Number of protein chains: 4
Amino acid sequence: MTAVKVTIWNEYLHEIRNPKVAEVYPDGIHQAIASGIRSEEFEIRTATLGEAEHGLSEQVLKETDVLIWWGHMAHDQVDDTVVNRVYRRVLEGMGLIVLHSGHCSKIFNKLMGTPTCQLKWREADEKERLWVVDHAHPIVSGIGEYIELPMEEMYGEHFNVPAPDELIFISWFEGGEVFRSGLTYRRGQGKIFYFRPGHETYPTYRNPEILKVISNAVRWAKPARTAAPVYGNTSPLETIKEKK
Amino acid sequence: MTAVKVTIWNEYLHEIRNPKVAEVYPDGIHQAIASGIRSEEFEIRTATLGEAEHGLSEQVLKETDVLIWWGHMAHDQVDDTVVNRVYRRVLEGMGLIVLHSGHCSKIFNKLMGTPTCQLKWREADEKERLWVVDHAHPIVSGIGEYIELPMEEMYGEHFNVPAPDELIFISWFEGGEVFRSGLTYRRGQGKIFYFRPGHETYPTYRNPEILKVISNAVRWAKPARTAAPVYGNTSPLETIKEKK
Amino acid sequence: MTAVKVTIWNEYLHEIRNPKVAEVYPDGIHQAIASGIRSEEFEIRTATLGEAEHGLSEQVLKETDVLIWWGHMAHDQVDDTVVNRVYRRVLEGMGLIVLHSGHCSKIFNKLMGTPTCQLKWREADEKERLWVVDHAHPIVSGIGEYIELPMEEMYGEHFNVPAPDELIFISWFEGGEVFRSGLTYRRGQGKIFYFRPGHETYPTYRNPEILKVISNAVRWAKPARTAAPVYGNTSPLETIKEKK
Amino acid sequence: MTAVKVTIWNEYLHEIRNPKVAEVYPDGIHQAIASGIRSEEFEIRTATLGEAEHGLSEQVLKETDVLIWWGHMAHDQVDDTVVNRVYRRVLEGMGLIVLHSGHCSKIFNKLMGTPTCQLKWREADEKERLWVVDHAHPIVSGIGEYIELPMEEMYGEHFNVPAPDELIFISWFEGGEVFRSGLTYRRGQGKIFYFRPGHETYPTYRNPEILKVISNAVRWAKPARTAAPVYGNTSPLETIKEKK
């Protein structure tokens with residue numbers, strides 16, 4: 001079995017500019033996730049906003065089976081050329097895992113067709129409990145009935161996304177809200193998983209269950225290696241009766 | 001019961017430029033549909049590409065409950081300002097019925113998040129048979145097991161759209177293809193129905209069953225008058241325990 | 001417009017046997033709902049377990065457009081003949097609204113194909129907040145962002161039902177659970193709505209918003225009057241080439 | 001990686017009683033499929049109606065990750081005890097692949113909640129073309145845009161099943177019908193795939209593409225090894241405020 005090629009993309013600004021975040025993720029969120037999901041099944045690289053082409057050249061994306069995306073304060077600085085490149089690759093079969101504030105990214109917005117930035121939010125050190133509602137899904141393999149995070153940022157409904165193909169987690173928040181926290185979508189030949197938790201000031205990406213979900217999602221989202229459909233004008237497969 | 005306010009938008013170029021099409025639709029596709037669905041339940045107006053703001057000013061859209069869209073050769077000439085205006089109105093609850101080659105329009109593409117222009121097609125006077133696969137849906141009220149059209153343009157899979165919320169019709173074509181021909185989607189507070197048939201050289205929009213489906217779809221797509229969600233930073237509804 | 005014929009079925013045992021319940025619903029839950037949704041759009045009758053054929057004769061069901069179902073302690077006493085009769089009528093297009101503990105009824109179980117009795121529950125006078133997650137749906141017409149019930153029985157995930165066609169409400173509970181509280185399904189020509197709230201010791205069916213949801217659901221679930229499909233051996237519609 | 005334990009169940013009556021079928025499948029459909037999907041990834045056994053407990057004892061099912069089901073003329077002879085045993089195992093996570101006329105089996109009917117026996121059919125040596133409509137799905141890995149079968153029994157819509165979680169194939173038939181031919185469902189912790197082709201008089205289960213789809217489906221349907229939910233009365237996870 002060949003390894004799944006994973007690229008973890010991170011904006012990587014909070015960790016540099018904010019000492020409180022640097023304390024939680026000294027090497028950046030991308031490195032925390034990379035260490036956390038390390039496995040001989042995966043071949044992992046990272047990319048960040050500050051690199052040339054944000055680290056997502058044609059070549060890198062061509063060699064990527066699954067792209068993980070974390071962004072927050074600089075969504076607008078992501079170049080449209082790169083966004084369109086990622087878009088095309090998803091349609092060709094590359095898996096995409098959008099984490100937390102990535103809901104507001106250009107790429108997620110473009111793939112959903114709705115203003116995905118729209119949701120309720122609050123930073124108040126709230127307990128979050130992610131309840132599994134689809135126990136048949138490989139993304140929750142090895143996970144119990146729920147994952148509890150002692151403190152997280154709250155995201156609350158309404159979340160302005162299309163009805164997902166599959167709803168896997170629903171979050172309960174201490175302050176009174178709920179959220180659809182684990183959602184799958186298919187676009188073209190590609191599979192997309194949105195996973196809610198991961199505010200930069202909490203060590204969420206060190207939580208073994210959160211990391212397990214991300215690992216499972218990588219396996220689930222890898223390309224199915226199906227045929228690329230042919231589009232456009234086409235000849236009939238059957239003989240069509242002559243019309244008078 | 002107040003009437004549903006319907007705006008029928010048509011590119012209205014084929015009918016002017018091509019005598020063969022003018023013969024089929026002397027007053028334009030928009031007028032054919034308007035006559036065909038006339039009812040005291042509906043208050044109908046039309047709009048075309050050539051009018052100022054394509055006939056879709058803020059005021060017109062504000063007064064529109066359901067917008068019907070037919071376009072083909074001039075998708076690129078539709079102004080982005082108007083596209084964004086329609087987009088916002090759909091999210092606010094305006095129904096949208098996209099007909100035939102409207103699959104390639106900017107607005108449908110934007111709402112779907114996929115390159116909806118991608119499908120197979122062929123102009124060969126083929127028989128199309130639209131099989132009902134969801135007999136519980138109000139859009140097929142009064143329709144039999146299938147609708148048969150003696151001649152139509154063929155559209156074939158793969159059609160590059162997200163998996164629909166509801167699949168209502170599947171077309172069979174003489175030349176060997178199938179197509180998902182009646183699809184519903186929800187985006188924000190709005191409902192969308194894509195309906196395949198209606199090539200400009202055939203009298204499809206005079207077919208009583210096709211018109212019945214469009215009428216049913218208007219009733220189905222009208223705004224639900226639900227609350228507009230509030231987005232952004234929010235206070236907790238419950239008392240959150242003091243954290244140490 | 002002809003009135004929608006609604007039959008409200010109630011087990012009607014708690015109200016007779018338990019003085020605490022009798023105080024909340026002196027005439028039974030069925031009468032509370034009947035008064036609560038009264039409208040010239042509806043023609044309402046009620047039926048209870050104790051009546052001959054549980055009040056659901058062939059004739060009554062034939063004249064029913066939408067059946068509302070509340071049961072709890074006597075699911076097993078519902079005759080299989082009646083269950084099968086309701087089942088057939090749903091497949092023919094009769095709408096079915098299953099309330100609260102009706103999740104455990106024979107008819108809901110049969111239509112879902114899963115042991116729908118399986119969920120978590122607790123009677124602890126908890127606050128429930130039903131968040132709307134589908135603002136495009138006619139079932140939430142006139143409803144705000146959420147419905148708050150000061151005290152209800154808790155139902156928690158995992159709820160062992162198939163993934164719904166549409167998810168409309170998600171409940172938040174004070175004690176830490178969430179629940180998919182408003183679910184739609186289509187079976188044959190019939191539409192089904194499961195709506196969670198309504199424990200017999202609370203005045204939930206006097207809450208104007210809960211009653212509004214039930215009224216909306218009746219309108220949504222009424223038969224679409226579509227063609228009944230023909231099943232079985234069939235002749236080809238097209239000439240099939242002779243095979244050698 | 002441990003092998004996936006596959007049990008192929010076949011009614012095995014046509015092959016014994018009908019010389020024409022015996023010619024196509026001399027060792028039975030179960031053996032044809034077993035040879036066809038042979039791989040070191042799978043540990044395959046077979047079971048037939050005529051064996052004690054139809055070859056599906058508690059022990060066998062306990063050791064089965066994915067069950068493949070082919071039946072036709074003797075659905076009624078399948079013991080309800082065995083049906084209920086299979087049902088429980090699917091809910092616990094065992095995958096189930098239902099082939100062709102298995103649509104009419106007790107187990108598929110029970111899991112769907114609809115009279116799944118209802119569809120149109122015809123035996124006329126028709127060409128079938130199974131179009132892929134979901135190119136992101138692992139079940140079509142390695143498959144082209146469609147699979148063509150020169151002769152098959154026709155199954156036509158309407159097929160009385162719930163709207164599937166995922167629609168993967170749509171069939172085109174020479175005689176004028178279409179059919180939803182590849183459908184997925186989740187029930188409890190189990191995954192189900194219905195796959196249409198496979199009439200006993202045609203060598204469909206020797207077709208390499210059909211066998212590839214079945215192999216892919218086995219991989220897809222294997223248990224996700226998720227936690228079994230706990231049902232019933234439960235204590236609050238959070239402190240509920242004292243009510244007056």
Side-chain angles (χ1 to χ4, degrees), chain C residues 87-88 90-91 107-127 150-151 154 156-166 173-177 185-190 192 226-244, chain D residues 87-88 90-91 107-127 150-151 154 156-166 173-177 185-190 192 226-244:
Chain C
Y87 179 71
R88 278 194 309 273
V90 169
L91 296 172
I107 182 62
F108 191 57
N109 192 85
K110 188 176 174 73
L111 284 160
M112 292 296 104
T114 52
T116 52
C117 219
Q118 298 185 330
L119 47 69
K120 289 186 164 63
W121 60 273
R122 180 172 59 236
E123 297 185 38
D125 292 347
E126 287 174 68
K127 181 184 292 183
M151 288 193 209
M154 186 283 294
E157 295 286 344
H158 178 248
F159 181 21
N160 209 349
V161 285
D165 293 341
E166 299 166 310
F173 287 98
E174 209 174 337
E177 284 86 1
Y185 296 93
R186 289 157 289 157
R187 293 289 183 266
Q189 297 177 262
I192 301 165
T226 58
V230 177
Y231 298 114
N233 201 344
T234 188
S235 299
L237 295 159
E238 304 299 311
T239 311
I240 300 174
K241 292 189 299 292
E242 284 304 304
K243 309 275 171 185
K244 284 119 274 195
Chain D
Y87 179 72
R88 278 194 310 272
V90 170
L91 296 172
I107 182 62
F108 191 57
N109 192 85
K110 188 176 172 73
L111 284 160
M112 292 296 103
T114 52
T116 54
C117 220
Q118 298 185 331
L119 48 70
K120 288 186 165 62
W121 61 273
R122 179 171 61 236
E123 297 186 38
D125 293 347
E126 286 173 69
K127 183 183 292 181
M151 288 193 208
M154 185 284 293
E157 296 284 344
H158 178 247
F159 182 20
N160 208 349
V161 286
D165 292 342
E166 298 166 311
F173 287 97
E174 210 173 338
E177 284 86 1
Y185 296 94
R186 289 157 287 156
R187 293 287 182 269
Q189 297 176 262
I192 301 165
T226 57
V230 177
Y231 298 113
N233 200 345
T234 189
S235 299
L237 295 159
E238 304 299 311
T239 311
I240 299 174
K241 292 188 300 291
E242 286 303 305
K243 308 270 171 188
K244 283 119 276 195

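Just so it is clear, the model here is predicted, and its values are computed rather than measured. Proteins get letters first, then strands, A, B, ... in listed order; numbering begins at 1 in each.
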Exercise for review: State, with a plain yes or no, whether a side-chain heavy atom of Pro115(C) is found less than 4.5 Å away from one of Leu91(D).
Suggested key: yes
Region of [X] in contact with chain D, defined by heavy-atom distances below 4.5 Å:
X	answer
Phe173(C)	neither
Leu111(C)	both
Glu123(C)	neither
Lys120(C)	both

What closest approach, in Å, do [X] and [Y] show between heavy atoms, and which atom pair accounts for it?
X	Y	result
Ala163(D)	Asp165(C)	CB-OD1, 4.0 Å
Glu174(D)	Glu238(C)	O-CB, 3.6 Å
Ala124(D)	Ile240(C)	CB-CD1, 4.2 Å

Point to revise | Residue, of Met112(D), Arg186(D), Gln189(D), Glu157(D), that accumulates the most heavy atom pairs under 4.5 Å with chain C | key: Met112(D)
Check your understanding: When only pairs under 4.5 Å are counted, which of Arg122(C), Met154(C), Arg187(C) shares the most heavy-atom pairs with chain D?
Key -> Arg122(C)
**Study point:** Contacting moiety of Tyr87(D), where chain C heavy atoms sit under 4.5 Å
**Key:** side chain
Show the atom names and distances, to 0.1 Å, of all donor-acceptor pairs under 3.5 Å that link a side chain in residues 230-237 of chain D to residues at least two apart or in another chain.
| from | atom 1 | to | atom 2 | distance (Å) |
| --- | --- | --- | --- | --- |
| Tyr231(D) | OH | His158(C) | ND1 | 2.8 |

Point to revise | Counterpart residues, ring pair (Phe, Tyr, Trp, His ring centres under 6.0 Å), relative to Phe108(C) (two or more places apart) | key: Tyr194(C)
